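Step one of this worksheet: look at the structure below.
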2 protein chains.
Amino acid sequence: MGKGEATRERILEVAEAAVLAKGFGATSIEEVIAEAGLTKSGFFYHFRDKNALAREMLRRYVDTNDRLFDDIFARGRQLSDDPLQAFLISLKLLAEVMADLPNGHPGCLIASICYQERLFDREVRDLTAQSVRDWNARFRGIFDGIAAVYPPKEAVDLDDLADMLSCIVDGAIILSKTLNDPRRLERQILIFRSCVKLMFSGPTLS
Amino acid sequence: MGKGEATRERILEVAEAAVLAKGFGATSIEEVIAEAGLTKSGFFYHFRDKNALAREMLRRYVDTNDRLFDDIFARGRQLSDDPLQAFLISLKLLAEVMADLPNGHPGCLIASICYQERLFDREVRDLTAQSVRDWNARFRGIFDGIAAVYPPKEAVDLDDLADMLSCIVDGAIILSKTLNDPRRLERQILIFRSCVKLMFSGPTLS
DNA sequence: GGAAAACTGTACTCGCGGTACGGATTGTTG
DNA sequence: CAACAATCCGTACCGCGAGTACAGTTTTCC
């Protein structure tokens with residue numbers, strides 16, 4: 001890793017924390033560079049403008065989350081051959097990871113950008129949309145595997161169920177931030193887990 | 001209603017649309033007053049600063065939502081004496097209302113503020129927290145009524161279940177905005193409805 | 001009609017995003 | 001070691017938007 005790349009990484013790290021804490025619009029470049037220890041010229045050498053910063057922050061964020069999900073769901077499958085059990089285990093692991101964050105979840109960059117969309121160019125918005133689609137496709141794949149073994153109760157659309165996990169996480173992050181109670185996120189993941197359990201492993205309804 | 005009050009209302013209306021579309025930080029006072037048809041001096045006559053604007057926007061938003069919820073859940077109880085059925089009806093009504101919004105849900109002001117928190121003073125943040133607590137308490141009351149008749153499956157915490165509705169709505173708004181697909185919100189409310197149905201009306205699990 | 005409320009107009013400060021550009025280090029490579 | 005590029009600094013500047021100050025004007029309402 002060259003020196004330039006290290007600097008970029010430092011800027012992105014500082015910027016991400018600031019954006020999640022205060023929103024993109026309220027995060028000034030000047031405070032970012034002060035925290036990161038370089039000058040304005042240095043910053044604009046690495047990023048053409050604030051949009052370029054957002055783009056790179058997003059890529060970083062999405063990559064980190066992808067790796068986290070890879071880990072968690074691989075570990076689930078590793079601990080059980082049954083697709084439903086594996087997923088339920090993974091959800092519990094996910095809840096634990098979220099609960100272990102010292103100051104609560106810092107926030108979802110996607111959501112943060114969602115509520116600032118006019119500030120960003122098309123490329124950034126496409127990136128957020130694509131990453132959400134990718135995550136939901138991943139979950140959908142898991143539910144397909146589960147449904148093949150356990151016929152689901154009621155007429156549950158598996159795409160909707162996959163969306164639901166994203167919704168729960170994003171919504172619970174907002175809830176826990178708003179109420180200043182980090183534990184809410186963990187609890188919501190676990191109640192979603194109960195729902196999944198009911199949908200697939202309970203007796204069939206009329 | 002005096003003329004001043006009408007002007008305030010006009011400003012708040014314009015500002016809310018702008019904030020939900022672009023975020024609070026990206027909404028300039030200048031464009032708001034241009035749209036509302038008054039001068040800068042006129043604006044600052046009504047609002048001390050941007051924070052005061054946020055505070056009044058919030059009050060307005062919370063009041064509007066409160067009235068909407070009052071309507072919807074009253075209508076549900078009106079259509080069925082059974083607490084579970086009444087709630088399920090209300091959820092369907094809620095889904096319909098959300099689906100009928102011409103350009104999709106404009107966004108949740110609470111969430112918008114949540115991701116900009118450092119921009120606001122304590123009073124604004126307390127207001128968001130209190131309104132969320134109020135809504136969840138309302139839902140919790142409904143679930144109490146249901147649980148009194150239908151013993152819930154599994155060990156479901158009713159507070160968490162009440163939180164879940166807020167999470168689903170907030171999360172689904174983000175999802176539908178990010179993917180530019182308004183129908184996602186309706187579908188998420190309906191799948192939450194399925195979850196509630198399963199939890200209370202299904203046969204008991206082991 | 002007169003006081004208070006509801007504005008307008010002008011002129012200013014300040015911080016921030018962003019540009020421009022010259023120069024100074026620092027690393028890298030032949 | 002020399003030369004070259006990558007990396008970063010300093011400074012000076014522009015434009016925009018939030019917010020202030022304050023005097024003057026119109027509207028509303030009793």
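Quick caveat: nothing in here was measured; it's all calculated off a predicted structure. FYI, side chains are in, hydrogens and waters are out, and symmetry mates aren't considered; it's all heavy atoms of this structure. Within every chain, numbering begins at 1; the chains are lettered A, B, ... in the order of the sequence lines, protein sequences first and strands thereafter.
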inquiry  = Does B:R8 qualify as a cation-pi partner of B:F47, given the criterion of NZ or CZ under 6.0 Å from the six-membered ring centre and within 45 degrees of its axis?
reply    = yes

message = Taking 4.0 Å as the cut-off, does a side-chain nitrogen or oxygen of A:Y45 come that near to OP1 or OP2 on D:dT7?
response = yes

query = Just by modelled atom types, is the B:I173 backbone N or O under 3.5 Å from a matching donor or acceptor in the B:S176 side chain?
reply = yes

ask   = Can a side chain N or O of A:H46 be found less than 4.0 Å away from OP1 or OP2 on D:dC8?
value = yes

ask   = Salt-bridged, A:R140 to A:D144, with N to O below 4.0 Å?
value = yes

request  = With heavy atoms under 4.0 Å as the rule, sort B:K50 into base, sugar-phosphate or nothing.
outcome  = sugar-phosphate

ask   = With a 4.0 Å cut-off on heavy atoms, is B:G42 in touch with a base, just the backbone sugar-phosphate, or nothing at all?
value = base

query = Rounding to a whole Å, what distance do you find between B:F24:CZ and D:dA18:C1'?
reply = 11 Å

request  = Round to a whole Å and report the spacing from CZ of A:F47 to C1' of C:dG18.
outcome  = 16 Å

query = In whole angstroms, how far is the C1' atom of D:dG19 from the CG atom of B:L53?
reply = 14 Å

inquiry  = Taking the basic N atoms (NZ, or NE/NH1/NH2) and the acidic carboxylate oxygens, is any pair closer than 4.0 Å for B:D163 and A:R184?
reply    = yes

query = How close or far is atom C1' of C:dG15 from atom CD1 of B:I29, stated in whole angstroms?
reply = 15 Å

request  = Return no unless some side-chain N or O of A:T39 is found under 4.0 Å from OP1 or OP2 of D:dC9.
outcome  = yes

ask   = Is it true that A:F87 and A:F139 have ring centroids separated by less than 6.0 Å?
value = no

inquiry  = Rounded to whole Å, please give me the gap between CD in B:E5 and P in D:dT28.
reply    = 15 Å

message = Between A:T7 and D:dC8, is there a contact of a side-chain N or O with OP1 or OP2 at under 4.0 Å?
response = yes

query = If you look at every strand shown and take non-hydrogen atoms under 4.0 Å, does A:S28 touch a base, only sugar-phosphate, or nothing?
reply = sugar-phosphate

ask   = How would you label the contact of B:R8 with the nucleic acid (heavy atoms, under 4.0 Å): base, sugar-phosphate, or nothing?
value = nothing

message = Distance check needed: D:dC9 P versus A:K3 NZ, whole Å only.
response = 8 Å

request  = Provide, to the nearest angstrom, the distance between the CD atom belonging to A:E30 and the P atom belonging to D:dG10.
outcome  = 14 Å

remark   = In whole angstroms, the gap separating P of D:dA18 from NZ of B:K40 amounts to 7 Å

